[in-house]
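Inspection log for the structure reproduced underneath, given as structure tokens.
These numbers come from the heavy atoms of this one structure, side chains and all, not from hydrogens, waters or symmetry mates.
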Amino acid sequence: MNAHRMNWVQPITLLVCALGGEGGGVLTEWLVEAARLAGYAAQSTSIPGVAQRTGATTYYVEVFPVALAELGGRRPVFSLSPVPGALDALVSSELLETTRQIGNGMSSAERTLVISSSARSLTTAERMVPGDGRADSQRLLEVIRSFSREHQVFDMGAMARECGTVVSAVMLGALAGSRLLPFSREHFEAAIHGREDAAQSSRATQASLRGFARAFDAVHEPREHALRLRQVLDGEDAPAPATTPLPDAVRNRFPAAVQEMLALGHARVLDYQDAAYAALYAERLAQVLQAEREADPAGVHGFAVTREMARWLALWMAFDDIVRV
């Protein structure tokens, strides 16, 4: 690896938040061990929380995304503490803790993947209210959506109980399923096994592996499905579809810049239902074109809004449910 590349490669940064007794320290050890097994440099630090449920223990982990074998004997320099807005991932075992860290500026809408449990462990302040002092979980979720590049939220506590393990194993599985780190699933599982013989692992290890696997699938499968769908929508790795020629009555209503996408959309809704439905598609798109012409009579922007709407309108009008798929 040359020195120039070494200068611009930055570590992958993660902040892990766990309450007392949830195995946050073990989770961090697993992460660092998985990196070691995969041949990558990693470092972790921790800041203890406070008693009476006024804060989680946070663990900061940095992983250099280039294998040690490619560094030519050089070693990366890691930071000891997280920088607000510069996290690649925020992983938390409790919903309010997630939003607390977001409130501290740790998560960035442009950069940060947020993986959080939807479970709550009430704070002292919430318990002191005579009535219902619980924070509104829906509002907490809205904060996560607003301040994350991508988010995965599910009940990690319930999943851990179903698998007979602690939440740290579930958190590790969720992080592994996100594919943020350059390790294989086998490296994470080997870290859980530790020095045990994989064929004779203890009951605790087996439970941890169950929790890991459940969370891995819960995060990995929807992301893979979304990626495949995005590739189809973007036309990647897919043959160009054969389209039915646009009727002259439709073609003549739209400028040439729109007609390629219009032909694809028209053919899609025609196949989805019938000619009358395809005509309705054209009528709706014509309303968008009229509005764009009023705003841009000379067509300086190439009717980009109408062209993009031709794609999205076809997707909305030809939605495929599970039965049709």
- Item | Non-hydrogen atoms of Leu113 and His151 that approach each other most closely | CD1-N, 4.5 Å
- Query: Is a donor on one side and an acceptor on the other found under 3.5 Å between the side chain of Thr45 and the backbone of Leu80?
  - Reply: yes
- Donor-acceptor contact present, side-chain Arg307 to main-chain Gly302, <3.5 Å: yes
- Glu22 and Ser93: CA distance, side-chain angles, deciding distance, side chain to side chain donor-acceptor pair (under 3.5 Å) verdict: CA-CA 8 Å; Glu22 291 183 333; Ser93 65; 2.4 Å; yes
- Residue Arg149 excluded, over 12 heavy atoms near CZ under 6.0 Å: yes
- Item | Residues Arg253, Glu283: salt bridge by 4.0 Å N-O rule | yes
- Query: Hey, are Ser202 and Thr205 close enough side-chain-wise for a donor-acceptor pair under 3.5 Å?
  - Reply: yes
- Task: Anything under 30° is parallel, anything over 60° is perpendicular, the rest tilted; go ahead and classify Phe64 against Phe78.
- Result: perpendicular
- Value for CG (Leu122) from CG (Leu96), rounded to nearest 0.5 Å, stands at 9.5 Å
- Donor-acceptor pair, Ser79 side chain versus Ser81 backbone, under 3.5 Å? no
- Message: I'd like to know if the side chain of Tyr59 reaches the main chain of Gly25, judged simply by a donor and an acceptor atom lying under 3.5 Å from each other, with no hydrogens or angles considered.
- Response: yes
- Indicate yes or no for a side-chain donor-acceptor contact from Thr112 to the backbone of Asp88 under 3.5 Å, with no hydrogens or angles considered. no
- Query: Does Phe254 offer a backbone N or O that forms a donor-acceptor pair with the side chain of Gln259 under 3.5 Å?
  - Reply: yes
- Message: Closer than 4.0 angstrom, basic N to acidic O: yes or no for Arg145 and Glu142?
- Response: no
- Would you call the rings of Trp316 and Trp312 parallel, tilted or perpendicular if under 30° counts as parallel and over 60° as perpendicular? tilted
- Backbone N or O of Ala119 within a donor-acceptor pair of the Ser117 side chain at under 3.5 Å? yes
- Task: For the pair Ser107 (side chain) and Phe147 (backbone), establish whether a donor and an acceptor sit closer than 3.5 Å, ignoring hydrogens and angles.
- Result: yes
- Task: Return yes if some donor-acceptor pair links the side-chain N/O of Gln273 with the main-chain N/O of Leu270 below 3.5 Å, else return no.
- Result: no
- If we only count heavy atoms from C-beta on, is the Leu95 to Leu141 side-chain gap below 4.5 Å? yes
- Step-by-step salt bridge (Lys or Arg N to Asp or Glu O under 4.0 Å) determination, Glu162 to Arg210: CA-CA 9 Å; Glu162 291 169 3; Arg210 285 196 300 271; over 6 Å; no
- Heavy-atom check, side chain of Pro82 versus side chain of Met106, under 4.5 Å: yes
- Query: Any donor and acceptor pair, going by atom type alone, linking the side chain of Glu292 with main-chain N or O of Thr306 inside 3.5 Å?
  - Reply: yes
- Task: Find out whether Arg284 and Met317 are in side-chain contact, i.e. whether some heavy atom of one side chain is under 4.5 Å from a heavy atom of the other.
- Result: yes
